[in-house]
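Per chain, numbering begins at 1; letters A, B, ... match sequence-line order.
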Amino acid sequence: MNQLIVEWKKFWRLAEMRLLFLALLVAVVAVTSVGFFTDRADRAMSQQATTMLGGDMVVVSTRPISDTFLQEAEKRGLRTAETISFPSMVSVGEKFQLAQIKAVSVEYPLHGNIETSESALGEVENTLLKRLEKDEVLAESRLFVALNIKAGQEVQLGQSKVRLAKLIRKMPDQSASIFQLAPKLILPMHQLKATGLLTPASRARYSQLFAGDEKNIKQFTNWLKPQLKKTEAIRTLEDGLPSVQQALQRGQRFLKMASLLAVILAGAGIALSSYSLTQHETPAVAVLKTMGASRRQILFRYLSQLFFSATIAALVGAILGYIIQLFLASYLQDFVGQTLPSASWWPVVVGLFTAWIMVLGFSVPHLMRLINTSPVQILQGQSSQPKTSLFFSAFVLSAAVLLLMWMQTQDIKLSGILLIAVLVAIAVFWLMATLMLRVIRKLGERWRLPKANKRMALMVVVFGIGLFSLLLLTTLRGDLINRWQASLPVSAPNHFLINIQPDEVEPLQKLLSKDKIETPLYPMVLGRLVKINDKAVSEDDYETDRAKRLLIREFNMSANVAMPEGNKIVSGDWFKPEALNGLSVEEGIAKTLRLKMGDSMTFDIAGEQITEKIISLRSVNWDSMRPNFFVMMAPKAFDDQPKTFITSIHLDDDQKHVLPSLIKEFPSVTDIDITAIMTQVRDLINKAAFAVQAIFLFTLVAGVVVLFAALQSQKAMRRKEIAILKSLGASRAYLRRSLVLEFAMIGGLAGFLASVLALIAGNVAASMLFDLSPEINLMLITTGTLLGAVLVGAAGYLNVRGLLSVVPVSLFR
Amino acid sequence: MNVIETKNLGKRLSTSSNEELLILDNINLHIAQGESVAITGESGSGKTTLLGLLAGLDIPTKGEASLLGKALSPLDEDERAALRLGKVGFVFQSFHLMDNLNALENIMLPLELDKGSSDIRQRALDALKQVGLEKRSTHLPTQLSGGEQQRVALARAFVSKPQILFADEPTGNLDRNTGEEIIALLFDMQKQSDTTLVMVTHDDSLAMRCQTHYKLVDGQIVT
C-alpha cells in the first residue's frame with residue numbers, strides 16, 4: 001500500500017494523470033450524488049406510499065384469509081392488522097343509504113392515521129380506534145349528508161345500533177375509493193359480529209396488513225408468496241400514489257440521464273487523457289524495457305496506478321457526492337413533509353464500480369498498446385506505439401459504456417438503445433465533420449483559413465459530443481421541463497365533484513357558469529367485467545396482480561360525445577355523436593387484459609348484462625387531474641341507465657366561495673379537494689428541475705475536462721509545429737490569429753453539429769420518454785454554434801498561449 | 001570471456017513499397033568483459049541498428065548475436081528483457097529521464113525493477129554523489145541542465161553495477177565542454193566498475209579513447 005502511494009505521488013506529477021483523475025472524480029461525484037439522492041427519495045416515496053396503503057404489504061382476498069399468515073408474521077416480529085370491506089345499508093328512521101363498511105382491527109392503520117373532525121369544516125384530529133366507545137364508528141361526510149345527521153347520532157347497521165362518532169377527513173387506502181359511490185364507514189372489528197352482516201354469502205373483501213422493517217417484510221413476503229390461494233393477492237406500494245410517483249420517477253429518470261451524460265463525457269476525458277498519458281509514456285516504457293522490465297511489470301506498473309487512482313477518485317467522489325446530495329435532500333425534505341430515510345451504502349459501490357469500469361474500458365486499449373512498445377525505438381528516436389486492433393478497442397469501449405449505462409438505468413434494453421445512439425452519434429459526427437472540413441479546406445485556400453486536417457476532425461468529434469451532451473441537457477432541462485409543467489398548468493383542476501344526480505347536472509352547470517367555470521360532466525356507471533368474447537372471465541384467468549384486481553373491482557365507466565381532454569386515440573376511431581354501440585378502452589388496460597380491437601366485452605351493470613365490441617383504443621394522461629376512464633361507452637349508451645355524474649373543476653383562491661354554496665344547494669354532491677396532491681406534484685416537478693440543474697453542473701465540468709484533455713493530447717505536436725513555423729519566420733501575431741481561428745472553427749463546427757443533433761435527440765427523448773410532442777428550436781442552433789466557437793476558441797487559445805513563446809532552437813534538441 | 005558475440009549478423013527491413021533494405025550485413029564481433037568499444041560511421045551506416053541488436057532490443061534477420069553467453073534470437077521480448085535486468089545499462093543521446101520522477105527517483109528505477117535489490121535508496125544516493133549531483137536529488141529533469149540530466153542518466157546506468165553499458169551518442173546533445181566532462185566521467189565510472197562499454201558515436205576523437213574501434217560503412221565493418 002505504501003509503495004502504491006509513493007508511486008502514485010510520482011504519477012501525480014504528470015498533467016495527463018491529473019486530468020484523468022479529475023475526469024474520474026467528476027464521473028463518480030455525478031453518479032454518487034444522484035445515487036444517494038434518488039435512493040433516499042425513493043425510500044421516502046415508498047414510505048409515503050405505505051401510508052396510503054396502510055401497511056408495508058397487504059394481502060387481499062375475496063374469501064376469508066386463514067390466520068396462519070398473521071401468526072407467522074407475529075412470530076417474525078411484524079405488526080399486523082385486518083380489515084373486511086363489504087357494502088351494506090345504513091339507516092336512520094325512513095332514510096336508507098348504501099355504505100361501504102370497513103371492519104378493521106384496532107391496530108389499523110399500521111402506517112398513517114385516520115384523520116377525523118366533528119363536522120365537515122371542523123378541526124381535524126387523529127383518531128385511534130382503541131379510543132372509540134364500544135358502539136362508536138366513523139364515517140365519511142357523504143354518509144352524514146345522505147342521512148342528514150350530525151356527528152354523535154345513532155344509525156341502524158344490520159342488527160346493531162351504532163353511533164357515527166366522527167367524520168372521516170382522510171384515511172389510508174382512500175385513493176382507491178375516491179370514485180366509489182358508497183361512502184365509507186369504519187367499524188371496529190369487535191362490533192362486526194353483533195351486526196350479523198357478514199355471512200359466507202357476503203360479497204366481502206378481506207385484507208391482512210403487515211408492517212415491519214424492510215428486510216423482514218421482504219423475507220416474510222417470500223415465505224408467503226408460494227402459499228397464496230388463487231383468490232389471494234399481494235398489494236404492493238405501486239398502488240400508493242400513482243401520479244406523485246410518476247412525477248418522481250420522471251424526475252429520477254432526468255437525474256440519471258443527466259448523470260449518465262456526465263459519466264460518458266468524463267469517459268471521453270479519460271480516453272483522451274489516457275491516450276496522452278500513453279503517448280507521453282511511450283519513451284519511458286521503451287527505456288524501462290532497455291533496463292530489463294518485462295511486459296508484465298510494465299502492465300502492473302500502469303494498471304495498478306490507474307486502479308489506485310480510480311479507487312481514490314471513487315472514495316473522494318463519494319464523499320463529495322454525499323455532501324452535494326445533502327443539499328439536494330434538505331431541499332427535498334421540506335416538501336416531502338417527513339424525515340428522509342438515511343442514505344444507503346449502495347451508491348458508493350456504484351461509484352467505485354463506475355470508476356473501475358471507466359479506467360478499464362477507456363484506458364486499457366491504450367495501455368495494451370503501451371506495453372507492446374518496442375524498446376529499439378528509443379535508439380531510433382521514434383515515439384510511435386504499435387497498433388492494436390480497432391475491433392478490440394471498440395469492443396472494450398462499447399462494453400464499458402454499456403455496463404455504465406446499465407448501472408445507471410438497470411434496464412439492459414434501454415442501455416443497448418443508448419449505446420447504439422452514442423455509436424451512431426460518433427459516426428454521424430465523424431462523417432459530418434469530415435465532410436464539412438473538406439468544404440472548409442476548399443474555401444480556406446481562398447480565405448487563408450487554417451488548413452483543415454484529420455486532427456481537426458478528431459477535435460470536432462470530441463468537442464461536438466461534449467457540446468452535444470451539454471446542449472441536450474439544456475434542451476431537456478429547460479425546454480422539456482417547461483413543456484412538462486405546461487402539461488400540468490396552474491389552471492389544472494383542483495376539485496373533483498362526484499355523486500352528481502342526473503337531475504342536478506343542469507342546475508350545477510348553471511351555478512358553475514356564474515363563476516365562469518365551464519367543465520364537462522361525465523356520467524358514471526359501475527360495471528363488473530364478466531365476459532370477454534362471450535367467454536366468462538375470472539381473476540384466475542390472469543397471472544398479473546393488476547389484471548386480477550381489475551376483475552375483482554367494478555369498472556367506473558362513462559360515456560360522452562367528446563373524448564376527455566388529454567386522451568389520444570391510438571387505434572380505431574372515436575364515437576360518432578349519435579352512436580349507441582361500441583367501447584373505447586384505455587391501451588394499458590387492454591394490454592393487461594390481453595384485449596384487442598374488435599373483441600367484445602360483457603359488463604354486468606346493475607344486474608343487466610351489456611355486451612359491446614371494442615372500436616377504439618386510447619392513451620390516457622393519468623396525471624391530468626381530470627376524470628379519466630378505462631372504459632368508455634357510446635355517447636348514448638347510458639341514456640337509460642341509472643347513473644351519477646362526475647366532473648373536475650379548478651377553483652382559484654378568490655373562487656373558494658363557490659364550494660359552500662354548491663354543497664348547500666346540492667347536498668348529495670361530494671367534493672374532493674386535490675389541491676394538496678396537485679401542489680405536491682407541481683413541487684416535485686420544480687424540485688426535479690432544480691436537481692437536474694445541479695447535476696447539469698457536473699456535465700459542464702466534465703465538458704471542460706474533455707476540452708483540456710483534448711488540448712493536452714496535442715500539446716507536444718503543437719509545440720513542434722509552432723517552433724517550425726517560427727523558424728520559417730511566422731510572427732507571434734500571425735500564430736495567435738491562426739490558433740484562435742482554428743479553435744473557433746473547430747468549436748463553431750462542433751457546436752453546429754452538436755446543436756442540430758441535440759435538437760433531434762431532445763425531441764426523440766421528449767416523445768419517447770415523456771410523451772411530449774416535438775418542437776423545433778432554431779435559437780438552439782445559433783446559440784450552440786456561437787457557444788462552441790467562443791468556448792473552444794477561448795479555452796483552446798488560453799491552453800496553448802504559453803507555446804507561443806517557444807523558441808525555434810528547441811527543434812535542435 | 002566474451003560478453004558479446006556476433007556471427008554473420010545481418011538486418012534487413014522491408015519498406016512500405018515492399019522493397020528490401022539491407023541495413024547490416026555480415027557483422028562478426030567479439031567483445032570481452034571490461035573492454036571499451038566504439039562503433040562509428042556516417043548517418044545511416046547502421047550503427048544504431050547494430051547497437052539495438054547487440055543489446056537485444058531488436059532481433060536480426062540473419063546470423064546470431066549473443067549477450068552474456070546467451071543466444072538472443074530464440075528468446076522472446078520478455079526473456080531478452082530479463083537477460084538485461086540488472087546486467088545491462090544504457091545512456092542515450094537525449095537522456096530519456098522520466099520527467100515525472102526527480103533525479104533520485106530516476107536513478108532508483110532500475111533497482112526497483114529488479115526484485116532482488118536492496119538498499120535501493122542508499123545505492124541511488126551514492127550513485128548521485130558519484131556524479132556530483134547529491135544536492136539536486138529532488139529536482140525534476142526539467143529543472144536540470146542538459147549536462148546534469150546526462151549525469152543523472154549516467155548514475156542511473158551505473159547504479160545496478162551492470163556488466164555492459166551501451167551508450168548511444170552520449171554527447172550528441174551537449175556542448176563541447178559539457179560533453180568532455182561527461183565522457184571523462186563515463187570512462188572513469190566504466191573503469192572503476194570494470195564494465196564493458198559499447199559506444200556508438202560519430203566523433204572519431206571520442207572513438208579513439210576506446211580500446212577497440214569498429215567503423216561501419218554501408219552496413220559492414222571496414223576495420
Side-chain angles (χ1 to χ4, degrees), chain A residues 2-4 6-21 276-277 279-302 304-305 309 371-383 386 715-716 719 809-813, chain B residues 11 47-59 76-102 105-106 108-115 140-142 146 149 153 156-157 159-160 162 166-169 172-174 200:
Chain A
N2 254 351
Q3 189 60 31
L4 263 177
V6 170
E7 286 298 315
W8 194 61
K9 276 187 189 156
K10 294 178 191 168
F11 271 95
W12 187 248
R13 294 176 190 145
L14 295 171
E16 292 85 356
M17 199 68 184
R18 293 197 295 267
L19 271 172
L20 196 140
F21 180 82
S276 331
L277 182 73
Q279 202 77 344
H280 178 272
E281 288 296 284
T282 304
V285 167
V287 171
L288 284 172
K289 285 195 171 183
T290 63
M291 290 176 185
S294 67
R295 274 182 300 189
R296 221 180 64 185
Q297 267 177 312
I298 291 166
L299 181 68
F300 178 77
R301 177 185 165 86
Y302 287 94
S304 61
Q305 279 311 308
S309 291
I371 63 163
N372 285 323
T373 303
S374 154
V376 76
Q377 63 171 258
I378 202 70
L379 298 175
Q380 293 162 343
Q382 308 163 340
S383 179
K715 226 168 176 173
R719 185 192 305 269
V809 76
S810 66
L811 283 174
F812 305 121
R813 284 188 180 149
Chain B
K11 179 82 179 173
K47 49 189 193 302
T48 300
T49 306
L50 178 59
L51 190 74
L53 290 175
L54 297 182
L57 303 183
D58 200 1
I59 43 169
D76 68 16
E77 198 193 310
D78 281 344
E79 287 166 331
R80 281 181 274 135
L83 190 61
R84 285 192 296 271
L85 189 62
K87 299 188 189 91
V88 173
F90 270 92
V91 176
F92 306 99
Q93 180 177 359
S94 4
F95 327 131
H96 288 307
L97 298 178
M98 314 278 172
D99 55 11
N100 60 320
L101 303 187
N102 63 33
E105 288 163 352
N106 262 293
M108 286 160 70
L109 204 55
L111 298 176
E112 285 170 350
L113 286 175
D114 190 352
K115 282 190 188 119
L140 291 172
T142 48
Q149 286 190 48
R156 181 177 71 180
V159 72
S160 55
F166 291 100
D168 179 28
E169 304 274 15
N173 270 356
L174 301 172
V200 160

### Query
In terms of heavy-atom pairs under 4.5 Å, which option from B:D114, B:L85, B:N100 contacts chain A the most?
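With the most close heavy-atom pairs to chain A, the winner is B:N100.
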### Contact leader toward chain A among B:D58, B:N102, B:V200, where contacts are heavy-atom pairs under 4.5 Å
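Heavy-atom pair counts peak at B:D58.
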In Å, rounded to the nearest 0.5 Å, how long is the span from [atom1] of [X] to [atom2] of [Y]?
X: B:F92; Y: A:T290; atom1: CZ; atom2: OG1; value: 4.0 Å
X: A:S294; Y: B:R84; atom1: OG; atom2: CZ; value: 11.0 Å
X: B:E112; Y: A:M291; atom1: CD; atom2: CE; value: 10.0 Å

How close do [X] and [Y] get, counting heavy atoms only, and between which atoms?
X: B:L113; Y: A:Q297; result: O-NE2, 2.6 Å
X: B:E77; Y: A:T373; result: OE2-O, 4.0 Å
X: A:A293; Y: B:A81; result: O-CB, 3.5 Å
X: A:V376; Y: B:L57; result: CB-O, 3.7 Å

Residue [X] versus chain A: region with a heavy atom under 4.5 Å:
X: B:T48; value: both
X: B:R156; value: side chain
X: B:L97; value: neither
X: B:D99; value: side chain
X: B:A55; value: neither

### Part of A:E16 lying under 4.5 Å from any heavy atom of chain B
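Neither part, no heavy atoms under 4.5 Å.
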### Query
Among A:E281, A:R295, A:R296, who wins on heavy-atom pairs under 4.5 Å with chain B?
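Most heavy-atom pairs within the cutoff with chain B belong to A:R295.
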### Query
Of all of A:R301, A:K289, A:Q3, which one pairs up most often with chain B through heavy atoms under 4.5 Å apart?
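Top count of heavy-atom pairs under 4.5 Å with chain B: A:K289.
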#### Entry: Steps toward side chain to side chain contact (heavy atoms under 4.5 Å, CB included) verdict (B:M98, A:K10)
CA-CA 10 Å; B:M98 314 278 172; A:K10 294 178 191 168; over 6 Å; no
### Task
Give a yes or no on whether a salt bridge exists between B:E105 and A:R13, defined as a side-chain N under 4.0 angstrom from a carboxylate O.
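Result for this pair is yes, salt bridge flagged.
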